[in-house]
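Start at 1 and go down the list; that is how both ligands and their atoms are numbered.
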Amino acid sequence: MKAIQVLDKAFVPFITASEIDRKIQEIADRINKAYSDKNPLFIAVLNGSFMFASDLFKKITIPAQISFIKLASYKGTTSTGNVITAIGLDESLKDRHIILLEDIIDTGKTLSEFLPQLWNQAPASLKIAALLTKPEALRHEVHADYTGFEIENRFVLGYGLDYDGYGRNLPELYQLKP
Ligand code: 5GP
Ligand code: MG
């Protein structure tokens with residue numbers, strides 16, 4: 001792996017494909033154990049989590065379902081600012097064991113606003129699996145139950161994560177060059 005250029009920015013190698021694969025296997029092992037009799041419903045948050053969701057779900061060996069959503073943010077009419085809604089969530093969550101799949105938790109803002117809407121549907125349980133978290137950037141009460149890598153507060157690219165739409169196809173993770 002060597003440094004790459006995407007649009008106007010330089011990125012350096014950060015986490016290899018085999019390290020990612022190993023970590024995802026660990027998460028899958030834990031979920032396979034904890035959910036063996038729970039028929040979990042995975043919900044992957046697009047776009048960024050598509051690769052993580054695909055690789056993780058291939059390693060799930062228990063009965064399970066998966067669905068994909070997009071979060072749309074629009075200006076609310078109240079003073080609270082943006083309202084976040086899910087597009088494409090057709091399944092009923094009632095009494096289901098939900099595992100939300102996210103590419104990265106940065107400030108936690110997106111999930112802190114969206115999670116209450118999922119709880120409103122009365123799932124039996126709701127856990128979060130995030131490939132990446134940035135503990136130093138966290139500003140909201142969001143906690144990942146399954147975390148791939150805790151990383152420093154610097155922009156990352158690849159493995160589903162983009163810079164201005166590019167770089168999602170990279171099989172490994174890159175970090176903005178300091
Ligand atoms: P949050 O609401 O937690 O601050 O941000 C969540 C979203 O911001 C992520 O789902 C992701 O789309 C985007 N994001 C946050 N940090 C990064 C990063 O380092 N790289 C990329 N490509 N996207 C990021
Ligand atoms: Mg995202």
- Query: Counting from 1, what ligand 1 atoms have a heavy atom of Lys134 closer than 4.0 Å?
  - Reply: 16 (N), 17 (C), 18 (C), 19 (O)
- Message: Is it the case that atom CD in Gln5 sees more than 12 heavy atoms from other parts of the structure closer than 6.0 Å?
- Response: yes
- Look at the rings of Tyr163 and Phe155 and say which category their plane angle falls in: under 30° parallel, 30 to 60° tilted, over 60° perpendicular. perpendicular
- Exercise: do Ser49 and Glu102 side chains pair donor with acceptor under 3.5 Å: no
- Query: Does an N or O from Asp103, backbone or side chain, lie closer than 3.5 Å to an N or O of ligand 1?
  - Reply: yes
- Task: Would you check whether Gly108 has a nitrogen or oxygen atom less than 3.5 angstrom from a nitrogen or oxygen atom of ligand 1?
- Result: yes
- Query: If you count the atoms of ligand 1 from 1 in the order shown, which ones are under 4.0 Å from a heavy atom of Thr110?
  - Reply: 1 (P), 2 (O), 5 (O), 6 (C)
- Check: Phe155 N/O within less than 3.5 Å of ligand 1 N/O: no
- Item | Min heavy-atom dist Val156 to ligand 1 below 4.0 Å | yes
- Query: Looking at Phe11, does the NZ or CZ of Lys177 lie under 6.0 angstrom from its six-membered ring centre and within 45 degrees of the ring axis?
  - Reply: no
- Ion pair check, Lys109 and Glu113, cut-off under 4.0 Å: yes
- Task: Check ligand 1 against Asp162 and write out every atom of the ligand that is under 4.0 Å from a heavy-atom position of the residue.
- Result: 21 (C), 22 (N)
- Task: Check each atom of ligand 1 against the heavy atoms of Glu102 and keep those under 4.0 Å away; list them by number with element.
- Result: 10 (O)
- Query: Where do Ile87 and Ala72 come nearest, in terms of heavy atoms and distance?
  - Reply: CD1-CB, 3.7 Å
